[in-house]
Amino acid sequence: RLLHRDDGSPRCVACYCCSTACPADCIHIEAGEYPEDHPKASGEKYPVAFSIDELRCVFCGHCVEACPCDAIRMDTGLWVPPVHDRTELIYDREVLMEQKGRDGSQLTDNPRQ
C-alpha cells in the first residue's frame with residue numbers, strides 16, 4: 001500500500017528507490033512536479049503514475065526497506081486474489097492508496113523521523 005499525507009497527497013516523492021531495489025522489476029513510476037500554485041511547489045516531485053504488478057512481485061520487501069519516505073508498506077495482510085484477467089492485478093496509485101493496514105488504519109505518521 002502507499003501511504004498518504006494528511007492532505008491526501010501521496011507520501012511518495014517519486015525518487016525511484018523502490019523500483020530500483022525491486023529484483024522482480026514490478027514497480028513502475030512516472031514522476032511529475034507540482035504546479036507552481038501548489039503548496040508543495042518547491043521542486044518536490046510526486047508520482048503521476050505508480051503501479052505494482054502483483055503477478056511479478058516476489059514479496060521480498062526490498063521496496064519497503066529502500067523507501068526513504070516510508071511511503072510504501074506491505075502490511076495489509078491481503079493476498080493476491082484469483083482473477084480472470086491478469087490486468088486486474090496491476091494495482092495503480094489510487095488502488096494502492098486506498099488500502100489499509102492490518103489494524104484498519106491509514107497511518108500517515110512517519111515512525112522513522
Side-chain angles (χ1 to χ4, degrees):
R1 73 183 174 120
L2 282 177
L3 297 180
H4 49 82
R5 297 184 174 123
D6 292 332
D7 65 359
S9 65
R11 184 182 284 177
C12 175
V13 293
C15 67
Y16 296 97
C17 287
C18 60
S19 63
T20 302
C22 180
D25 194 30
C26 68
I27 301 173
H28 174 74
I29 303 171
E30 291 179 27
E33 291 188 16
Y34 288 103
E36 290 183 22
D37 60 341
H38 195 276
K40 295 186 183 87
S42 61
E44 182 176 319
K45 293 185 179 185
Y46 73 99
V48 174
F50 189 108
S51 64
I52 298 178
D53 185 344
E54 290 290 323
L55 291 173
R56 295 186 74 175
C57 181
V58 294
F59 301 96
C60 63
H62 290 307
C63 56
V64 176
E65 294 300 319
C67 182
C69 302
D70 191 32
I72 187 169
R73 291 189 185 171
M74 296 176 66
D75 63 351
T76 63
L78 301 174
W79 296 95
V80 179
V83 295
H84 291 289
D85 185 7
R86 291 174 158 262
T87 59
E88 293 178 46
L89 294 176
I90 299 175
Y91 298 148
D92 63 6
R93 184 183 76 170
E94 287 71 29
V95 170
L96 292 168
M97 288 183 68
E98 290 172 0
Q99 301 299 320
K100 295 182 176 166
R102 282 189 193 112
D103 62 356
S105 69
Q106 287 182 317
L107 298 174
T108 57
D109 61 331
N110 190 344
R112 294 183 186 175
Q113 291 182 348

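To the nearest 0.5 Å, atom CD1 of residue Ile52 and atom SG of residue Cys22 are 8.0 Å apart. Here the straight-line distance linking atom SG of Cys63 with atom CD1 of Ile72 works out to 4.0 Å at 0.5 Å rounding. Rounding to the nearest 0.5 Å gives a distance of 14.0 Å between NE2 of His62 and SG of Cys17. To the nearest 0.5 Å, atom CD of residue Glu98 and atom CZ of residue Arg93 are 11.5 Å apart.
Contacts of Thr76 classified as side chain to side chain contact (heavy atoms under 4.5 Å, CB included), with partners at least two apart in sequence or in another chain: Arg1, Leu78, Gln99. With sequence neighbours left out, the side chain to side chain contact (heavy atoms under 4.5 Å, CB included) criterion links Asp25 to Arg56. A search for side chain to side chain contact (heavy atoms under 4.5 Å, CB included) contacts involving Val80 returns Glu54, Phe59, Leu89, not counting sequence neighbours. Partners of Glu30 according to the side chain to side chain contact (heavy atoms under 4.5 Å, CB included) rule, which considers only residues two or more places apart in sequence or in another chain, are His28, Ala49.
Side-chain contact between Val13 and Lys45 is absent, with no heavy-atom pair separated by less than 4.5 Å. Side-chain contact between Ile27 and Asp53 is absent, with no heavy-atom pair separated by less than 4.5 Å. No side-chain heavy atom of Ser9 sits less than 4.5 Å from a side-chain heavy atom of His4. Residues Cys69 and Cys12 have side chains not in contact (no heavy-atom distance under 4.5 Å, counting atoms from C-beta outward). The shortest distance between side-chain heavy atoms of Cys57 and Cys26 falls below 4.5 Å.
Screening residues 66-91 for ring-ring contact (aromatic ring centres under 6.0 Å, His included) gives no qualifying pairs among residues at least two apart or on separate chains.
Put simply, the side chain of Asp92 gets close to the backbone of Val95: a donor and an acceptor are under 3.5 Å apart.
Pro10 approaches Pro47 most closely through the heavy-atom pair CG-CD, 4.0 Å.
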Is there a salt bridge (Lys or Arg N to Asp or Glu O under 4.0 Å) between Glu65 and Arg73? Walk through the geometry before answering. CA-CA 9 Å; Glu65 294 300 319; Arg73 291 189 185 171; over 6 Å; no

Under the side-chain contact (heavy atoms from CB on, under 4.5 Å) rule, what do Leu96 and Phe50 come out as? Steps first, then yes or no, please. CA-CA 9 Å; Leu96 292 168; Phe50 189 108; 3.6 Å; yes

